[in-house]
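Take a look at the structure set out below.
Here is how names work: the chains are called A, B, and so on, in the same order as the sequence lines, proteins then strands, and each is numbered from 1.
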There are 2 protein chains.
Amino acid sequence: MSTYEHDPVSHSVAHHLVAIAELLEEYGYARVTDVARHLGITRGSASITLKSLEQKGLVTYDDRRFLGLSEAGRQVAESIQAKKAVLRDLLVRVLGVDEKQAEEDTCKLEHLVSARTAERARRLLDFIESGSSEARRFLAAFGRFRKDGTGGTEEKGR
Amino acid sequence: MSTYEHDPVSHSVAHHLVAIAELLEEYGYARVTDVARHLGITRGSASITLKSLEQKGLVTYDDRRFLGLSEAGRQVAESIQAKKAVLRDLLVRVLGVDEKQAEEDTCKLEHLVSARTAERARRLLDFIESGSSEARRFLAAFGRFRKDGTGGTEEKGR
DNA sequence: GTTTTATGTTTGGCCTACCAAACATCCGGT
DNA sequence: ACCGGATGTTTGGTAGGCCAAACATAAAAC
């Protein structure tokens, strides 16, 4: 999940950085216009925000105005992307939220989750994917419970 | 979890409404100053925001300036509080996040979570509290896994 | 009853984050 | 070489959300 809790980065900044990272990965380049379109804002707005991010040392400008991420920027983006992936997986694989809804929710929550909580969520997913019988049985039982409101093997009480 | 997804209420508004609800519950009354102190903002800021909430029909003013919630305001506050409770419980009881951290995180996330996702989370908690053997064994195994990185009863693979 | 003190409001200012629209610049096609 | 469309920047404006500080008023204390 990577250390760096320097994230106190704003919602907007987080989205700009992640946009660049995603565009770079998907198309190999990212320009002001691409970021703006990706985020659904105007080029003017993106231009200004990105310039400020350059001055903060998070974003780099190519000789031909192609955008990149500095080491710091890359770390912030990666940390947010990692949190986002964990959250999405948690919602989909454990809670059973549908993909579309999960994507929507994680976009809103991604940069707000603390590193510690994200770490715990990742741990849970690791456990689920460990394939242990407890995990498998739990998921199966919860799946049934979601549908018909019963916990399968009872033994309720406490 | 209550229907009402009219929540597209801002972070700030959400906090003001919840503050009033909490103050009413805890002390039986809520004034501008109390809300301001509760939120850690100045009375001036609270005064302005609360006035706008009155005009939106969410907050009511007593004859002696005591604050209340309209039916609509109460519903919004309750819906957010319910989401918050679910999230906190999820973090603490399932993920094993410590109370303090969970409180911090939920404060940031509470009003952003969709009703559908919150409903799923509540369902998971209901299942956990059903006391079914799958749930109990799962929690126990995950607890061990968190500590020593092993899933207890293996049978891994898939 | 007058003076503190607590409470509420208003004002002016700041910062973020956005838009629209004018402007500047570049780049490809002919 | 020129023009048009795509791209980037700047400018002026709006809105939310906050503060500080001046002000007004209500409640306590004396």
Fill in the blank from the handout: Between NE2 of B:H11 and C1' of C:dT16 the distance, given in whole Å, is 15 Å
Practice task
Find out whether the Lys NZ or Arg CZ of B:R123 is both under 6.0 angstrom from the six-membered ring centre of A:F145 and within 45° of the ring's axis.
Solution key: yes
Practice task
Give a yes/no answer on whether the side chain of B:T49 brings an N or O atom under 4.0 Å of OP1 or OP2 in D:dG16.
Solution key: no
Exercise for the section: Let me know the distance between CZ of B:R37 and P of D:dC19, rounded to the nearest Å. Expected result: 15 Å
Practice task
Compare side-chain N and O positions of B:K51 against OP1 and OP2 of C:dT10 and report whether any pair is under 4.0 Å apart.
Solution key: yes
Practice task
Give the minimum heavy-atom separation between B:V18 and B:A77, together with the two atoms involved.
Solution key: CG2-O, 4.2 Å
Problem - Note, A:L50 side chain near A:H16 side chain (heavy atom, < 4.5 Å) - result: yes
Handout entry: Separation of atom CG in A:D34 from atom P in D:dA6, rounded to whole Å
Key = 14 Å
Practice task
Report yes if a donor N or O on one partner sits less than 3.5 Å from an acceptor N or O on the other, where the partners are the side chain of A:R65 and the base of D:dG8; otherwise report no.
Solution key: no
Problem - B:F66 vs A:I48, nearer the 5' end of DNA chain C by closest nucleotide - result: B:F66
Handout entry: Side-chain N,O (A:S47) to OP1/OP2 (D:dG8) below 4.0 Å
Key = no
Practice task
Using atom CG of B:L39 as one end and atom P of D:dG16 as the other, report the distance to the nearest whole Å.
Solution key: 18 Å
Handout entry: B:T33 side chain near C:dG8 phosphate (N/O to OP1/OP2, under 4.0 Å)
Key = yes
Handout entry: Gap between atoms CG and P, on A:L17 and C:dA17 respectively (whole Å)
Key = 12 Å
Handout entry: Whole-Å gap separating P (D:dG8) and NE2 (A:H16)
Key = 13 Å
Practice task
Using a cut-off of strictly less than 4.0 Å, decide whether A:R43 has a side-chain nitrogen or oxygen near OP1 or OP2 of D:dG8.
Solution key: no
Problem - Polar side-chain atom of B:T49 near backbone of B:A46 as donor-acceptor pair, under 3.5 Å - result: no
Handout entry: Gap between atoms CD and P, on A:E54 and D:dT9 respectively (whole Å)
Key = 9 Å
Handout entry: Nucleotide of D:dA27, D:dT7, C:dA17 approaching A:S12 most closely (side-chain heavy atoms)
Key = C:dA17
Handout entry: Protein-nucleotide distance (B:H111, atom NE2; D:dG17, atom C1'), rounded to Å
Key = 13 Å
Handout entry: Any A:S45 side-chain N or O less than 4.0 Å from OP1/OP2 of C:dC19
Key = yes
Practice task
Report yes if at least one side-chain N or O of B:S10 is closer than 4.0 Å to OP1 or OP2 of D:dG16; otherwise report no.
Solution key: no
Practice task
Side-chain contact test, heavy atoms from C-beta onward, threshold under 4.5 Å: evaluate it for A:R64 versus A:R31 and give yes or no.
Solution key: no
